[in-house]
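One structure below.
Just so you know, ligand 1 is whichever comes first in the structure, and atom 1 is the first atom listed for that ligand.
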Amino acid sequence: MKTLFSSDFTLGILGGGQLGKMLLYDTRRLDIRTRVLDPSADAPCAIACNEFIQGDLMDYDTVVAFGRDCDVITIEIEHVNTEALQALKAMGKQVHPDPEGLGIIQDKGIQKQFYLQKNFPTTGASFYPGVVTLEDAVREGRQALPFVWKSTRFGYDGKGVKVIRTAEDLNDLPHVACLCEELAPIAAEIAVIAARNAQDEVRCFPACEMVFHPEANLVEEVECPASSPAHVLAEAEVLATRLIRELNLCGLLAVEFFMTKDGRLLVNEAAPRPHNSGHFTIEACYTSQYEQHLRGILGLPLGDPALHSPSVMVNLVGTENHSGEVYYQGAEHIMALDGVYLHVYGKRQTRPFRKMGHVTILRKTLAEARVLAKKVQHQLKVISK
Ligand code: ADP
């Protein structure tokens, strides 16, 4: 391979959102050349990469043409054309995550079947090609209520997920292939981000706990260390390590788990890229998830993922009833607080619940960080002008 640093070596990134933008902080620090593909001309990455190309991530020809001039190709969003990635791999390009593993993850139905076949603990599920066959199954008593309906493709941030308690709840479901999962009795939701390189070295970031917004089904806060029992967190690391190897992925794999009320650990879903639950690693760990992803996909030794400070990460999402040009109300107030780190993604337009930025709070104890996080949530609002 060409030398990575200060050379013509080019890393291609499919997707130009905030995860890509934060990945670019580290490519800049390490002087690694980048090209980014995104459909939107004003994507957050556009200002920070060496070369920005506007185009459709799902279009075969666009993705192949984009990747042809790159040495290594990675993603910051799963919804990309995997056949094009297969073709690039066949041309001798390095593609991480591996298109085969990505294909398993892209489809929630195939992903669930993979967990069941490989004996990962997970909720049971049934699979339907569309809402009509699901309605038949409910009417005939073959599909028990309640359950969690999930569209197999293109769901994210709680879109494409709905708890179904009665037959009436089926009425406004879209006509797409779906899986229906048993409703897990959730006590806590935790995530472990594992990283792997081509030498099969695997290291995990410390488990964090995700706290959800009750209405939007969006992660409101991420706390690290997680407060679940130590043996549960250790088990989560073992499962994340096994999963990244079974999927044969290099780079990151963020694995989301449910801890049930009776203390069992269930795999919910995984993402083969930097993840919202890992933003805290930028300030709170010796190596950030973004640098670790680069190390994993570029065949470099993995960095130390240990936590050096308890942290709470607060997602900044657009306030309800506010759409239009964004204004970060109260930013000056929270920036006066010690241990508070503001990240603004660079999206000019806000919409209700759109992810616009985040704040990481570091304190000597998690309890202190939580108090400060409440203050930040109270004082900082993402509104339209
Ligand atoms: P997304 O890809 O949109 O994040 P998830 O599959 O992670 O979708 O589901 C979003 C949220 O819905 C989860 O974080 C959890 O709170 C809830 N949920 C998902 N599956 C189940 C389940 N089987 N039982 C109970 N709650 C669930």
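Side chain of N81 to main chain of M58: a donor-acceptor pair is present (N/O by atom type, distance under 3.5 Å, no hydrogens or angles). Within the 3.5 Å criterion, the main-chain N or O of P39 finds a donor-acceptor partner in the side chain of Q54. Counting only distance, with no hydrogens or angles, the side chain of K381 and the backbone of T319 share no donor-acceptor pair below 3.5 Å. In this structure a side-chain-to-backbone donor-acceptor pair under 3.5 Å is present from H293 to L252.
A salt bridge is absent between E368 and K364: the closest approach of a Lys/Arg side-chain nitrogen to an acidic carboxylate oxygen does not fall below 4.0 angstrom. E78 has a carboxylate O that lies under 4.0 Å from a charged side-chain N of R273, or vice versa, which qualifies the two as a salt bridge.
Within the 4.0 Å heavy-atom criterion, the part of E182 lying near ligand 1 is the backbone and not the side chain. Neither the backbone nor the side chain of V163 has a heavy atom within less than 4.0 Å of ligand 1.
Using a 4.0 Å heavy-atom cutoff, F147 is absent from the residues neighbouring ligand 1. Proximity of M210 to ligand 1 is not established, as no heavy-atom distance is less than 4.0 Å.
Each of the following atoms of ligand 1 lies closer than 4.0 Å to a heavy atom of L183: 24 (N), 25 (C). The E256 neighbourhood of ligand 1 comprises atoms 7 (O), with distances under 4.0 Å to a heavy atom of that residue. Taking every heavy atom of I186 and a limit of under 4.0 angstrom, the matching atoms of ligand 1 come to 25 (C), 26 (N). The K108 neighbourhood of ligand 1 comprises atoms 1 (P), 2 (O), 5 (P), 6 (O), 8 (O), with distances under 4.0 Å to a heavy atom of that residue. Listed by number with element, the atoms of ligand 1 under 4.0 angstrom from any heavy atom of E189 are 13 (C), 14 (O), 15 (C), 16 (O). Near K150, with a cut-off below 4.0 Å to any heavy atom, the atoms of ligand 1 are 6 (O), 19 (C), 20 (N). Remark: ligand 1 atoms within the under-4.0 Å shell around heavy atoms of E269 are 1 (P), 2 (O), 4 (O), 5 (P), 6 (O), 7 (O), 8 (O).
Y345 and H358 have their aromatic ring centers within a separation under 6.0 angstrom. Ring centroids of H322 and Y327 are separated by 6.0 Å or more, keeping the two rings apart.
Taking only nitrogen or oxygen atoms, main chain and side chain alike, F212 does not reach within less than 3.5 Å of ligand 1.
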